[in-house]
Amino acid sequence: MIKLLIADDEPLVQIGIQSMLNWEDYGIQVCGTAMNGAAALEMIEEYSPEIVITDIRMPIMNGLELAKTCRETYGRIPLFIILTSYEEFELVRQALSYEVVDYLIKLELDPESLKKSIQKALDRLNELKASETSRSTGRPLLQSYLDKFFLRLLHNLFDNEEQFQIQARDLNLNFENQYYAAAHCEILESSSRKMTNEKLMNLYSSTLQMVNDILKRHLACQVLSLDLKHFSIIFYFSDIGESEHKKMMEALKNAATMVHNYFNVQLMIGIGSVADSPFKISDSYQDARIAFASASPEEPFRDYNQVQPENIKNSFNITLFKNDLTKAFEEFDTGILYDTLTQMIQLFRSSSVRYLQAIDGACNILYLALSLLPSGEETLTEIFSDDPDHYRSIYRMNHSEQVADWMIRLRDGLCDTLKSKRVSYKEHMISNIQKYIQNHIEERLTLNEISAVFGLSPNYLSALFKKTCGIGFSEYITQMKVSRAKNMLLEQDMKIYEVADHLGFESAFYFSKVFKKVSGVSPREFVQQKTEES
């Protein structure tokens, strides 16, 4: 059972929360209640609850201090749901910087709102547990994997439909919706506020979290962070019409109003056309970026249907460089990366590319590097370390020449980083793939499926595996399956046909043939030998 702790200095609130839901239906046990933050902290140490519901104002230690202390002491679990009042905007803003799951206004608390918050906490808990499992199994970390998947979708970077289907299935993503729409968004922070990078990161992450929470209360969507200033949204619709479009716009405006009230930031949003297939989401996103180019603080919401023909020229179509960029980032190929970015730089310096196109193209390369490279944020920050605002200096460029100069720094920095870390990146990747194979050895594994899981081309993975391990990919899987089969035959006392079926072989005959090829003896002879030895 998942343990839940309730912390509030009002006994009636404690009783009300305990009786509001049938907690067993959610696999939750209320492990205790506390009247203040200090008592709650002691109970957290004793019972290790996964979820804490706490009032933001309590004696001795308030809910904000409790969340902060637990975050620093225990990490991302326990998850916090904050109870607040209307006037406590500043405290809620601080609480969001500690990645609280949700905030509930006490006067509006009812079973339905509590149920939604608890479900959100359970979903977050599952994500964190999946990420922990990923670390041990070698699978790419869930959130990183998810981000890369949607980034590929937005930029049409999948090699083929099979790769898309495999990754979607591995992430348990459902694309049975009939319609989709993408949006490109910017968080505008007041230039009069002087903030450290750490405070800016907290501001942007808290803003994004609130936008994500509010939008998902209204309709199905996926919010993807692009950098510390921009994010994208993919909306899902089972039907499309004026009512769905109106609902989407109301959700966006509601989110914009709330983040302005809480964080004093403004959202500028470009909304793309409707797509009737997941493979056309990239078209919708291209339209969204075109619409975004015509947005302004005075007109922060721009729909592609409102865009004048001349504004369409302001968007840079990065798909022209799709294959080369995908190969460069997947294979850490500095030669291809240097040549591709050099072509873009030359385009930016030509008279045929406008400033807005250049800045749009540079930003899209930035998003790809941040999301597709290992430790992308750290790498990009290091490349532009002599700038006060690091890689975000791109937003201070005022004409195409400056953008081209920024791109040269990006190109040279990325190539230097990839050259110095290429071997360690590749070894780390192969190590993760080996862990993944070992932890999924009882499944029917193929080169295509594993390459899709890790976002690599099958040919590249096959060649890299052979070069790094000195053994072919299929041969390695066969050896791992035979090794597992020996354990099953001896320690689990399974029949030969049971082992063959369990490990995904098409028949017991084929399994025996493979086993003998690897071990030199048949499964039956192997068991007899080991029995005689003992």
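The model shown is predicted, which means the values in this text are computed figures rather than measured ones.
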Report task. With side-chain contact (heavy atoms from CB on, under 4.5 Å) as the test, would you mind laying out the steps for S431 and K435 before giving the verdict? Result -> CA-CA 6 Å; S431 175; K435 288 179 185 177; 4.0 Å; yes
[X] vs [Y] side-chain heavy atoms within contact, under 4.5 Å:
{"X": "Y338", "Y": "I336", "value": "no"}
{"X": "D501", "Y": "F511", "value": "no"}
{"X": "D283", "Y": "K280", "value": "yes"}
{"X": "F235", "Y": "Q222", "value": "no"}
{"X": "I365", "Y": "L325", "value": "yes"}
{"X": "I437", "Y": "I433", "value": "yes"}
{"X": "I477", "Y": "L447", "value": "no"}
{"X": "R71", "Y": "F80", "value": "no"}

Query - Q343 and D339 side chains, donor-acceptor separation under 3.5 Å - result: no
Please give me the minimum heavy-atom distance between [X] and [Y], naming the atom from each residue.
{"X": "I430", "Y": "C469", "value": "CG2-SG, 3.5 Å"}
{"X": "G32", "Y": "L5", "value": "O-CD1, 3.2 Å"}
{"X": "Q14", "Y": "D8", "value": "NE2-O, 2.7 Å"}
{"X": "E442", "Y": "M488", "value": "OE2-CE, 3.4 Å"}
{"X": "L66", "Y": "A40", "value": "CD2-CB, 3.8 Å"}
{"X": "F526", "Y": "L489", "value": "CD2-CD1, 4.4 Å"}

Query raised in the report: Within a reach of under 6.0 Å around CZ of F509, are more than 12 heavy atoms found that belong to other residues, nucleotides or ligands?
Result: no
Is there a donor-acceptor pair closer than 3.5 Å between any side-chain N or O of [X] and the backbone N or O of [Y]?
{"X": "S462", "Y": "P458", "answer": "no"}
{"X": "E525", "Y": "S522", "answer": "yes"}
{"X": "S483", "Y": "M480", "answer": "no"}
{"X": "Q119", "Y": "K116", "answer": "no"}
{"X": "K3", "Y": "I51", "answer": "no"}
{"X": "T73", "Y": "C70", "answer": "no"}

Report task. Could you tell me if the ring centre of W406 sits under 6.0 Å from that of Y391? Result -> no
Query - Test of ring centre spacing under 6.0 Å for H155 and Y285 - result: yes
**Report entry** Candidates I77, L4, L79, I44 - the one meeting side-chain contact (heavy atoms from CB on, under 4.5 Å) with P49
**Finding:** I44
Working to the nearest 0.5 angstrom, can you tell me the gap between [X] [atom1] and [Y] [atom2]?
{"X": "Q178", "Y": "D276", "atom1": "CD", "atom2": "CG", "value": "9.5 Å"}
{"X": "H184", "Y": "Q286", "atom1": "NE2", "atom2": "CD", "value": "11.0 Å"}
{"X": "S451", "Y": "F473", "atom1": "OG", "atom2": "CZ", "value": "7.5 Å"}
{"X": "Q18", "Y": "I6", "atom1": "CD", "atom2": "CD1", "value": "4.5 Å"}
{"X": "I394", "Y": "L380", "atom1": "CD1", "atom2": "CG", "value": "11.0 Å"}
{"X": "H440", "Y": "Y436", "atom1": "NE2", "atom2": "OH", "value": "4.0 Å"}

Query raised in the report: In this structure, which one of F175, F164, Y180 forms a ring pair (Phe, Tyr, Trp, His ring centres under 6.0 Å) with F279?
Result: F164
Query raised in the report: Does the pair K481 and F515 meet the rule for a side-chain contact (heavy atoms from CB on, under 4.5 Å), with working shown?
Result: CA-CA 9 Å; K481 283 186 177 288; F515 190 100; over 6 Å; no
Requested in this report: Verify side-chain contact (heavy atoms from CB on, under 4.5 Å) between T54 and L83, making sure each step is shown before the conclusion.
Outcome: CA-CA 6 Å; T54 179; L83 300 175; over 6 Å; no
Query - Check ion pair R409-D386 (N to O, under 4.0 angstrom) - result: yes
Report task. Would you sort out whether L41 and E65 count as a side-chain contact (heavy atoms from CB on, under 4.5 Å), showing the intermediate values? Result -> CA-CA 10 Å; L41 190 59; E65 294 168 331; over 6 Å; no
Query raised in the report: Within 45° of the axis and under 6.0 Å from the centre of the six-membered ring of F150, does NZ or CZ of R152 qualify?
Result: no
Query raised in the report: So F505 and Y510, would you call those rings parallel, tilted or perpendicular, with 30° and 60° as cut-offs?
Result: tilted
